[in-house]
Amino acid sequence: MKKFITIILIIVIAGAILSWAMALNNKKDKEAKEKMTTSRVTALGDSLTYGLNDRPEGGYAGDLQRVLSKKHQGIVKVSNFGIPDQQTDGLLHQLKYGKARKKLSDADYIIMFIGTNDLIESNGGNLSEIHQAKIDQGKKDYLNNLDNIFKIIRDKNPDAPILFLGLYNPYPDSQKIQSVVDEWNDTSRSFTDKYPHVKFIATDGILKEKSAQYFSDSLHPNKKGYDLIAKRILKEYSFN
């Protein structure tokens with residue numbers, strides 16, 4: 001009887017030791033996984049961030065997630081909050097009240113591609129004729145909105161690098177539109193230089209010609225065009 005009880009005790013103790021060892025192993029595995037870097041990217045902007053005409057691939061943001069996931073040990077998560085037709089006043093509202101606000105504090109990187117619709121709408125809804133006075137007023141509103149947007153971002157997340165993408169000329173054959181885009185980008189670059197941890201990334205000139213090779217419609221890139229934008233981001237900025 002005593003021998004039987006001893007055997008039972010040995011089995012119980014062995015089981016307890018095994019359970020403890022397994023729990024310790026699971027803990028180590030969990031800690032190892034946690035050590036693997038999880039990079040969180042929050043993408044903000046309009047249809048160009050949304051990836052219009054390149055769904056479900058996700059435009060340049062989707063390209064970044066795929067490339068960075070291959071290059072980096074760990075997980076890369078891109079939260080895409082791009083909204084087609086959005087202007088800076090819409091993004092400001094989104095960061096005050098929308099789901100994107102909650103993601104700001106957790107973001108390791110923030111990407112913004114905004115301003116195309118501000119420019120077009122300030123000119124009357126298209127770029128067939130350039131109305132400089134209207135564009136100048138639109139730019140003032142744009143900069144005021146950007147200032148408030150950056151304040152919100154920095155209040156929620158003081159340190160995450162912000163990659164601010166400049167505008168490209170969707171009509172590269174038009175010198176008048178090119179001059180406006182150049183002026184808009186120069187203003188944006190000067191503005192973003194005032195803020196710490198902000199990198200201005202030029203996209204103009206990537207889509208060198210207006211053709212089906214790069215564009216899916218009069219404004220938006222196709223998959224190849226979005227790929228070029230993603231490659232420019234990766235060329236200009238080294239994600240750690």
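Only a predicted model underlies this, so the values are computations on that prediction, with no experimental measurement involved.
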- Query: Which residue, Thr42, Leu146, Val198, forms the side-chain contact (heavy atoms from CB on, under 4.5 Å) with Met112?
  - Reply: Leu146
From [atom1] ([X]) to [atom2] ([Y]), nearest 0.5 Å:
| X | Y | atom1 | atom2 | value |
| --- | --- | --- | --- | --- |
| Lys235 | Ile206 | NZ | CD1 | 9.5 Å |
| Leu163 | Ile233 | CG | CD1 | 7.0 Å |
| Glu129 | His131 | CD | NE2 | 6.0 Å |
| Ser39 | Gln65 | OG | CD | 11.0 Å |
| Ile75 | Thr38 | CD1 | OG1 | 4.5 Å |
| Phe150 | Ile110 | CZ | CD1 | 9.5 Å |

Just so I know, are the side chains of [X] and [Y] near enough to count as touching, which here means a heavy-atom distance under 4.5 Å?
| X | Y | answer |
| --- | --- | --- |
| Thr187 | Tyr142 | no |
| Asp141 | Asp89 | no |
| Tyr50 | Ile83 | no |
| Thr49 | Leu44 | no |
| Arg232 | Leu228 | no |
| Leu95 | Asn148 | no |
| Tyr60 | Pro221 | no |

Heavy-atom pair with the smallest gap, counting every atom of [X] and [Y]:
| X | Y | value |
| --- | --- | --- |
| Ile229 | Leu165 | CG2-CD1, 4.4 Å |
| Gly58 | Asn80 | O-ND2, 4.1 Å |
| Gly115 | Asp46 | N-OD2, 4.1 Å |
| Leu48 | Tyr226 | O-CE2, 3.4 Å |
| Val181 | Leu167 | CG1-O, 3.8 Å |
| Gly166 | Phe113 | O-CE2, 3.4 Å |

Are [Y] and [X] connected in a single hydrophobic cluster, I mean Ile/Leu/Val/Met/Phe/Trp/Tyr linked by side-chain heavy atoms less than 4.5 Å apart?
| X | Y | value |
| --- | --- | --- |
| Leu92 | Leu119 | yes |
| Val78 | Ile162 | no |
| Ile153 | Tyr237 | no |
| Leu52 | Tyr168 | yes |
| Leu143 | Val180 | yes |

- Item | Residues Lys151 and Asp147 bridged, charged N to O under 4.0 Å | yes
- Query: In terms of side-chain geometry, is the basic nitrogen of Asp63 or Arg66 positioned less than 4.0 Å from the acidic oxygen of its partner?
  - Reply: yes
- Message: So, using side chain to side chain contact (heavy atoms under 4.5 Å, CB included) as the criterion, who are the partners of Ser174 when residues are at least two apart?
- Response: Tyr171, Lys176, Ile177
- Any residue meeting side chain to side chain contact (heavy atoms under 4.5 Å, CB included) with Gln175, in chain and number order, not counting sequence neighbours: Gln178, Ser179
Would you mind listing every side-chain hydrogen bond (donor to acceptor under 3.5 Å, both in side chains) that reaches into [range], with sequence neighbours excluded?
| range | value |
| --- | --- |
| residues 91-107 | Gln86-Gln94 |
| residues 108-125 | Thr88-Asp118 |
| residues 214-224 | Ser47-His220, Asn53-Ser216, Asn53-Asp217, Asp217-His220 |
| residues 152-161 | none |

- Query: For the ring pair Tyr195 and Phe164, is the centre-to-centre distance below 6.0 Å?
  - Reply: no
- Are Leu68 and Leu234 close enough, and set up right, to give a side chain to side chain contact (heavy atoms under 4.5 Å, CB included), and what steps lead you there? CA-CA 9 Å; Leu68 292 175; Leu234 292 166; 3.8 Å; yes
- Message: Test your reading of the model: is there a side-chain donor-acceptor pair from Glu236 to the backbone of Ile201, 3.5 Å cut-off?
- Response: no
